[in-house]
Structure formats: C-alpha cells, structure tokens
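Heads up: the structure comes next, in structure tokens.
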Number of protein chains: 2
Amino acid sequence: MPPTTPDTPRTPRQRYRAQLQQEIKQAALAQIAEGGIEALSINAIAKTLGMSGPALYKYFRNRDDLLTALISDGYEDAAEAIRTAAHRAADRSPRDRLLALAHAYRDWALAQPHRYLLLAGTPAATYEAPARTTDSARAVMGPFLAVLVEGTPWPAAEPLYAEVRAWVESIPAVAEWVATHAPAADDPVPALAASVLAWSRMHGIVSLEVQGSFQGMGHDSATLLALEIGALADAVGLSPDACPESRARRL
Amino acid sequence: MPPTTPDTPRTPRQRYRAQLQQEIKQAALAQIAEGGIEALSINAIAKTLGMSGPALYKYFRNRDDLLTALISDGYEDAAEAIRTAAHRAADRSPRDRLLALAHAYRDWALAQPHRYLLLAGTPAATYEAPARTTDSARAVMGPFLAVLVEGTPWPAAEPLYAEVRAWVESIPAVAEWVATHAPAADDPVPALAASVLAWSRMHGIVSLEVQGSFQGMGHDSATLLALEIGALADAVGLSPDACPESRARRL
DNA sequence: TCACTATAGCTATAACCTCTAACCAAAACT
DNA sequence: AGTTTTGGTTAGAGGTTATAGCTATAGTGA
C-alpha cells in the first residue's frame, strides 16, 4: 500500500472536505480583494457558497483559523513567485539577481495588495501567528540569502553582525535555513544581516506603497526600490562591474 | 473683544463638549493600548464613561471620525516629540542630529506601539484619511528635511531626483513645506528625496519591530536603525568627521 | 445487505457591534 | 418667560462571531 500523503486525501469525505475548504478560501480571498481584511465575513462567505452561516465552522474552527490558512497559502505563493524569479535570473550577475528578487517581491505585492497586507500588514492584536509562519517567511527570504551570501562583509555593519551571530548560533532552525539556501557559506552572518536589511528596506517601501501612503507623491516606487536595493548590493560588494575584486568599497 | 480662538471655547457648553471629547479620546486610547485598534468600541467607551451607547454619537459622527481624531492627535504628538529631539540635538553635527531624530521616531513608536500603528499601520480599507493627514505627516518629517538639506546630492539617486522634482513642482503644499523647514535651500530636491528614503527605512524597521515581526530574532532594532540611517547620512554626505569637504563620497 | 456511526448541514440563540430614530429634560439664548 | 439648542435616554434595525442541538445522509464495518 502507498504511504498516506496528507495532501491528497483518499476517502471521498476527505476529498469533499478539502475541496470545500478550497472554495471557502477562494471566496474569502475574493472578499478580501474587494474590501480588505475587515470585509472578511464568515457569514457572507457562506451566503455566496449557498449555505447558511454556521456551516462553515465545520471547516474552520473560527475566523482566525481561516485567516491563518489564507496567510499560510499566501506565504507559499509568494515564496513560489520569488523562487521562479530566482530561476529566471539565475545566469545574471549577483547584483542583477538581487534586484530581480526585490522587484519580484514588489510585483507580487502589487498584483494582490490586500493579500500582501494579509502577510505583511499590521496583524490583529488578538491574532497570534502559529509557529510555522516563521518558516514560511524564511522560505520567502531564502533566495535573497542565497544571493547575498556571495557578498563580502560590510565594515559599518559590524555591530549588527555580532547580534546576528548570537541569533544564528542560538536557534537551530536559522542554521538549518542557512544550510538549505546557502550551504557553501563559510560564515553566513554577513549574508544573514544583509537579508534582514533587504527585508526591512523592501517592507518599508512596498508596505508604504500598498497602503497608499505614497498617494500624491510623484515618485515611482520601483525607482525607490532599485535605489535602495542597489545601494545594499553596493554596500555588500555585489557591484555592477564584472570584476568584483576591482571595485572600491562603498557604503 | 478678543478674537474667538476655536481652540479655547468660551461658552460653558463648548467647554464641556471639548472636555468630554477629550475624555472619550482618552478612554479610546486606553482601549487601543490594551487590545489594539479592533478593540476600540464606541459602546465600551460609553460604558466606562458611565453613559450608554449612542450618547457618544453626539460627540463623534461615527467610529471613523473618532479614529481620525485619534490619528490627528497622534501625529501632533509625534511631531512634537521629533521637534524636541531636534532642539536637544541642535548643536551636534548634522549626522548626529539625523540619527537623534531617527531614534526619537523609534522611541516614540515603542513607547506607545498601538498608537504608532494607528498612524503607520495598515489603514482599514473603508477608512479614507482626510486631507489634513498629509500635512500632519509632513510635520513629523519636517525636522528630517531640515537636517538633510545640509547634505549634498547623491549620484546614484539621480533617477529619484527627477521624479521628486516633478512632485515638488506640481504640488504647492510641498514647496510650502520645504519653505518652512528648509528655507535656505537653493535646490530642495536632494533633501526631499533623502527624506523619502529616511521615511521608508524608518518605517520598514520600526513597523516590523512594533508589529512583532522581529520576534525571536536576536538583533536590537536600534542597531539596525543606526546602521540604516547612518548609511543614508553617509550617502548624502553628512559624514561623521568635522570637515565634510574632505570626506570621500560613499554610497 | 443491513445496521451503525460519523458528519454535513440546518435553525435557534446568545452576546456583541455600529448606527438611526424618536423622545425627554435641562440648559442657554432672546 | 418662552423658545430653541443640545445632551442624554431607550428602542430597534441590521450586522457580526460563535455555540448548541437537531436531522438526514453518506460512508463503514459486520
């Protein structure tokens, strides 16, 4: 007998259940795309699916449970988008690859802004993310780490390195994450720190853009993103010229 | 007769009204500090004030109106905090002043995280901010502009400058904002662009920290902030050494 | 094939919420 | 003193999440 894979349920009941769960999440995404996260209503979803109210509680324990599923799927999808961008840019220079990843991050967010806010926006104070969420977030940032590991240490970041070193040494999951995305690194700390920098810079720009905070300002966020991530690439020595050893180090 | 100042109402009814509005906002802030923005309930506020439900609608048209008042007050308070930080650091170097402002921004956010999220967090999709909000946000960033105007253009930011130039030339309020905080600038565009960069970097770091996204990561966000804003200072030529003309330009 | 059990869906209901309507009493103004 | 403005009340419409309890049916095992 083949091993029971939990992803492809075998019994008809499980299959029906899984399919209806998918439909519920689909309807939920449609609601969120329309009216934001606060427009997500268990009742309204049930109505669109032709069933009434409390029936959905057989499929998701509560609203937060449904939200968690949507967030989990979202991370999966975002990670996939970043991965394909990494594949597409595999033969380019490290600097170009980093920029391609950053733009893929932004493109994914812009294509489905409310879904991006589901992942990166302000979580409800009552909601606490399950532990797996951290792994999913790391999956999104993995390709960034894989590129940034080709950089060199950045003197100004020394204080950050010390803190990051303590972090990676104290949490095994982080070391494991490094091992999967940057197995050949002798010292992953500079790349880890650079990943944090990339994350916070991208988050700053993209979340402001998606929230509409740049409304009325004449700039293109793509320009901003290219500038910020390009500066980061320069700082860690992923310089645009072909011979990275000949560049002068820049901050 | 003295001119009627709308801030200090004269008739007893107006004074009572203003005082009760303050109490309502106070109670609202307490609720938000406890359970986040979604815990803000008109009903619950009324209960704590010893009056029942719909009475509050005589003071705020609806929930969004109250929220707007809280946000407006919040911007006021944040701007005040940044201003005092600017005063305190008035005799330091431009680089130190910029860093002092950034840390004041973060400190204000950390002292009252939910209130910060009220300003910088994901706004509800239904909520649209009144036009004054933009001015309030500019008031917060004004001291940053005043410092950054002492920098010099950053070659890599040229594409951003072009967009920012079109922005400041098309919107008079922006030019006015520049005039109040950087009246002596011959070309405000580089400082404006640097302000946007400072904003997005600070927002990225501080919002991630306040949202708890850095939970479980071993770094201190103050280190991250100092690194990022310090790098920005270096990029725009606010170098740490006393003689700014002798420094080598860095990215 | 038949009996049993697990489960998908229903309705009813509790406990919240926002916000409107209608009314009352007291304060303020003329 | 009479009139108007205004603060506060209760009642209620319409929405939400979530639980309890029931029914009918689909799947399962003997």
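Naming: A, B, ... by sequence-line order, numbering from 1 per chain. Small disclaimer: the values here were computed from a predicted structure and weren't measured.
Residues satisfying the ring pair (Phe, Tyr, Trp, His ring centres under 6.0 Å) test with A:Trp167, not counting sequence neighbours, are none. Residues that satisfy the side chain to side chain contact (heavy atoms under 4.5 Å, CB included) test with B:Arg13, not counting sequence neighbours, are B:Thr11. Annotation: salt bridge (charged side-chain N to carboxylate O under 4.0 Å, His left out) contacts of B:Asp135 (sequence neighbours excluded): B:Arg138. With sequence neighbours left out, the ring pair (Phe, Tyr, Trp, His ring centres under 6.0 Å) criterion links B:Phe144 to no other residue.
Counting only residues at least two apart or on different chains, the salt bridge (Lys or Arg N to Asp or Glu O under 4.0 Å) pairs with a member in residues 209-222 of chain A are A:Arg106-A:Glu209, A:Arg106-A:Asp220. Sequence neighbours left out, not one pair with a member in residues 28-48 of chain A passes salt bridge (Lys or Arg N to Asp or Glu O under 4.0 Å). Sequence neighbours left out, not one pair with a member in residues 22-61 of chain A passes ring-ring contact (aromatic ring centres under 6.0 Å, His included). Applying the salt bridge (Lys or Arg N to Asp or Glu O under 4.0 Å) test to every pair with at least one member in residues 22-31 of chain A, sequence neighbours left out, gives these pairs: A:Lys25-A:Asp73.
The two residues A:Ala28 and A:Leu70 have their closest heavy-atom pair at CB-CD1, 3.9 Å. Nearest approach of A:Ala193 to A:Leu160, heavy atoms of both residues: CB-CD2, 3.8 Å.
You can see that DNA chain D meets the heavy atoms of chain B within a 4.0 Å-exclusive cut from D:dT5 to D:dA11, reading 5' to 3'.
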Can you give one letter per nucleotide of nucleotides 15-30 of chain C, 5' to 3': B if a protein heavy atom sits under 4.0 Å from the base, S if only from the sugar-phosphate, - if neither? --SBBB------BS--
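Residue A:Ala55 is in sugar-phosphate contact alone, with no base atom involved, counting any heavy-atom pair closer than 4.0 Å across all strands shown.
Below 30°, between 30° and 60°, or above 60°: for A:Tyr116 and A:Tyr105 the angle between ring planes is above 60°, a perpendicular geometry.
Residue A:Glu80 places its CD atom among more than 12 non-hydrogen atoms of other residues, nucleotides or ligands, all under 6.0 Å distant.
Residues from residues 30-38 of chain B that place a heavy atom under 4.0 Å from any atom of DNA chain D: there are none.
Axis angle, first five pairs versus last five pairs of the helix from C:dT1-D:dA30 to C:dT30-D:dA1: 10°, rounded to 10°.
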